[in-house]
Each structure stands twice: as structure tokens, then as C-alpha cells.
2 protein chains.
Amino acid sequence: MDTGIPIRAFAARTGLSAHTLRYYERIGLLDPVGRASSGHRRYLAGDLAWVEFLTRLRATGMPVRVMQRFAALRRHGDRTLPERRELLEAHQRDIEQHLADLQVNLAAITEKIQHYRDLEVSNGQHGE
Amino acid sequence: MDTGIPIRAFAARTGLSAHTLRYYERIGLLDPVGRASSGHRRYLAGDLAWVEFLTRLRATGMPVRVMQRFAALRRHGDRTLPERRELLEAHQRDIEQHLADLQVNLAAITEKIQHYRDLEVSNGQHGE
DNA sequence: ACTTGACTTAGAGCGCGCTCGAAGTTCTAA
DNA sequence: TTAGAACTTCGAGCGCGCTCTAAGTCAAGT
């Protein structure tokens, strides 16, 4: 009964560290992982999609507290689907706002770069 | 000689707290600010643009360490223009990468939301 | 003159998300 | 069989970017 993916290999596949995988389990983002007879963790291939989804939520700035709430809802089965959807919709709006802000700020930074290029040209023309 | 903007008003204008303004000055993001005869800080209207630019850099994820480097270059005058431009260009690339990642992740989250909607419809149809 | 509140400095403390260390057990390869 | 790497738990520690506290000074209103 010692099948499944050892933590090292699972870490490699998810891009998370073994430390982080244990931490995520500890704080309830991952359900308790099955063990080999030795006590070592054995991940299932099916755990991959969930960890990848968690990683997307983090990468888009969702706080760990909210991810914990989402994971808790998920453990409570299908009747939490609407609440999970609403949570994701709120996050979707946050991301869209963040994207809009980034684009505005990027435009301003791009202008600044152009301003520097202009200055460099005029400095070079009469300064050197 | 006590003209200029008191810290409270300047904080309100920039959206930073007075604490953060003092902190930024302490770590060299802001040049030492002029003082009234009382010792109280007096900001100049011209400081606003710089603080706003700093705020854009932070909002787009530039680490404070890099902002410190940028501020130090700026203090060294026009001959640092090319290096400042290169620093901003590198940051520009970082933002563009981040935007691309966010968009990919947002799309995946949007799909997940749609998946939930589909599930809710089919659950509702035969479950209720 | 006195109160109230904004300011000053220096340094401590905090919330976040990991990340690491210690001490002990188990697996793997020679 | 034995060395060394990988695993376990538990709790401490860290880097970041602020944020706050304490103790004191200064300014404005009554």
C-alpha cells in the first residue's frame, strides 16, 4: 500500500518546496495527505490539479486566509458551490482592478522612459 | 521662512501616511525634507511628482531596495540618466511579464467560475 | 497660563508567507 | 551492514514593508 508520489517528486511537479507543501497541509489548504507504511507522505496524481489551482490563486494575489476559506468550503461538498463561485467572482473583480491599475502605471512608466530617452539625446548632442 | 506643506497635508495629498513619509525619507527614497523653524517638515509642491512616481513603482511591484537604488542614481544627477532608464526598462519588462501571467491565471479562474455555474445548473435541475 | 493636538526622534513590533533548524526515523545503494 | 540522503514533527526565524509606541517639543485656541 505504499503507492503514490513522494513529497520530493510532488514538489518538483508543482514548483512548490516540500516545506511549503507541508505548510499548506498544516494550515488546511491541502487535505491530510496519505502516508506510506513508513509515515512518509504519498501524494496522488489527482492532487496536482488542486495544488495548481491554489498556485494560481496565490499568483493572482489571493491572501492565504481567503484560500483557507475556499479550501474549507470545498471540503464541505457540493452545496458550497455557490459560495465558492461567489468567492472566485470577487477575486476575479480584484484581479481585473489590479490589471487595470498595472496598465495605467505601466503607461506612466513607459512615458518616463521615453522622457529619459529624449533627455539623453539632447544631453548627448550638446554635452559631449 | 516657514512656508511649505506640513506632513499631514502632504500625506493626504500623496495617499501615504505621515509614518510612511518619514520612513521613506529615513531609507533614502526621499531627500531630506526642509524644516520650519520649529523643526517640523515642510514639503514642497514639487516633491509631489516624485512621491507619486515612487508610488507607481511600488504599485507595480518594485522592491524598496530597487527604488532606493533608483533614488540614489537620481541624486547623482544627469549623468545617471542612462542607468536610470535601464533600471526602468528592466522594471517595464517585469511588469509586462507579470501582466501576462495575471491574464493567463485570470482566464483559468474565469473558466473555473464557468465550470461552477454549469455544475450549479445541473445540480439545481435534478437535485432540488 | 493652560490645554489640546500635531509634530519630532529612535527604536520596537507586526502581519504576511513562507523557510529553516533540530532531533529523530526510514529508505537506498554500495 | 552501513553510510548518507530523504523523510518526519514541532517550533523558531526571516525578509519585506510598513506601522506603531514612547517620550518629548511645539503651535494654536481660550
Side-chain angles (χ1 to χ4, degrees), chain A residues 1-44 47 51 53-71 91 94 98 101 105, chain B residues 1-44 47 51 53-71 91 94 98 101 105:
Chain A
M1 230 263 179
D2 290 6
T3 60
I5 306 162
I7 195 165
R8 202 154 208 280
F10 196 70
R13 269 173 225 194
T14 57
L16 298 178
S17 70
H19 281 308
T20 301
L21 284 172
R22 288 189 206 102
Y23 165 69
Y24 276 13
E25 184 179 342
R26 209 178 344 144
I27 67 172
L29 292 184
L30 271 53
D31 290 339
V33 175
R35 303 305 177 110
S37 53
S38 62
H40 291 191
R41 286 175 178 78
R42 292 292 182 257
Y43 292 85
L44 300 175
D47 297 334
V51 172
F53 190 65
L54 286 176
T55 298
R56 282 192 201 287
L57 295 180
R58 279 298 302 125
T60 48
M62 181 181 283
V64 164
R65 275 174 203 282
V66 180
M67 292 169 61
Q68 286 174 306
R69 165 131 192 79
F70 188 79
H91 185 51
D94 290 347
H98 185 207
D101 292 347
N105 287 323
Chain B
M1 226 263 179
D2 290 4
T3 61
I5 307 163
I7 194 164
R8 203 154 203 281
F10 196 70
R13 268 172 227 195
T14 57
L16 299 177
S17 70
H19 280 309
T20 299
L21 284 171
R22 289 190 206 101
Y23 166 69
Y24 276 12
E25 183 178 344
R26 204 173 355 138
I27 67 172
L29 292 183
L30 271 51
D31 290 340
V33 176
R35 303 301 177 115
S37 54
S38 62
H40 292 189
R41 286 174 180 79
R42 291 292 181 256
Y43 292 85
L44 301 175
D47 297 333
V51 172
F53 191 65
L54 286 176
T55 298
R56 283 191 200 288
L57 295 181
R58 279 297 303 126
T60 49
M62 182 181 283
V64 164
R65 275 173 203 282
V66 179
M67 291 169 61
Q68 286 174 307
R69 166 133 191 78
F70 189 79
H91 185 52
D94 291 346
H98 185 204
D101 292 348
N105 287 323

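Chain naming here is simple, since letters A, B, ... match the order of the sequence lines and numbering starts at 1 in each. Computed from a predicted structure; not experimentally measured.
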What's the spacing between [X] [atom1] and [Y] [atom2] if we round to 0.5 Å?
X: A:Leu16; Y: A:Arg22; atom1: CG; atom2: CZ; value: 12.5 Å
X: A:Tyr23; Y: A:Leu29; atom1: OH; atom2: CG; value: 7.5 Å
X: A:His91; Y: B:Asn105; atom1: NE2; atom2: CG; value: 8.5 Å
X: B:Met67; Y: B:Thr55; atom1: CE; atom2: OG1; value: 7.0 Å
X: B:Thr20; Y: B:Arg26; atom1: OG1; atom2: CZ; value: 10.0 Å

Between [X] and [Y], which heavy-atom pair has the shortest distance, and what is it?
X: B:Arg42; Y: B:Gly4; result: CD-O, 3.6 Å
X: B:Ile5; Y: B:Ala9; result: CG2-CB, 3.6 Å
X: B:Arg56; Y: B:Thr60; result: O-OG1, 2.7 Å
X: A:Val33; Y: A:Arg35; result: O-NE, 3.3 Å
X: B:Ala59; Y: A:His98; result: O-NE2, 4.5 Å

**Message:** Please report the end-to-end axis angle for the helix from C:dA1-D:dT30 to C:dA30-D:dT1, five pairs per end, rounded to 10 degrees.
**Reply:**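 Comparing the axis at each end, I get an angle of 10°.
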**Asked** Of A:Leu21, A:Leu30, A:Ile7, which meets side chain to side chain contact (heavy atoms under 4.5 Å, CB included) against A:Arg41?
**Response**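 Testing each of A:Leu21, A:Leu30, A:Ile7 against A:Arg41, the sole residue satisfying side chain to side chain contact (heavy atoms under 4.5 Å, CB included) is A:Ile7.
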**Asked** Considering only heavy atoms, which members of residues 60-69 of chain A lie under 4.0 Å from some atom of DNA chain C?
**Response**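 Residues of residues 60-69 of chain A that come under 4.0 Å of DNA chain C are, in numerical order, A:Pro63, A:Val64, A:Arg65.
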**Request:** Name every residue in residues 20-33 of chain B that has at least one heavy atom under 4.0 Å from any atom of DNA chain D, in order of residue number, or write none if there are no such residues.
**Result:**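 By residue number: B:Thr20, B:Tyr23, B:Tyr24, B:Arg26.
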**Complete:** Readout for nucleotides 25-30 of chain C: B = base within 4.0 Å of protein heavy atom, S = sugar-phosphate only, - = neither; 5' to 3' it is -SS---
**Prompt:** Within the side chain of B:Gln68, is there an N or O that forms a donor-acceptor pair under 3.5 Å with the backbone of B:Gly28?
**Reply:**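 The answer is no, because no donor-acceptor pair under 3.5 Å joins these two groups.
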**Request:** Could you tell me which residues satisfy ring pair (Phe, Tyr, Trp, His ring centres under 6.0 Å) with A:Tyr24, sequence neighbours excluded, listed by chain and number?
**Result:**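 For A:Tyr24, no residue satisfies ring pair (Phe, Tyr, Trp, His ring centres under 6.0 Å) once neighbours in sequence are set aside.
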**Asked** Nucleotide range of DNA chain D contacted by chain B, 5' to 3', under 4.0 Å to a heavy atom?
**Response**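 Counting from the 5' end, contacts occupy D:dC16 to D:dA27.
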**Message:** Any heavy-atom pair between the side chains of A:Val51 and A:Phe10 that's under 4.5 Å?
**Reply:**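 They are in contact (side-chain heavy atoms under 4.5 Å apart), so the answer is yes.
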**Of A:Ala18 and B:Leu16, the one whose closest DNA chain D nucleotide lies more 5'** =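 The residue whose closest nucleotide sits nearer the 5' end is A:Ala18.
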**Prompt:** Relative to each other, are the rings of B:Phe53 and B:Phe70 parallel, tilted or perpendicular (30° and 60° limits)?
**Reply:**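 Judged by the thresholds at 30° and 60°, the geometry between B:Phe53 and B:Phe70 is tilted.
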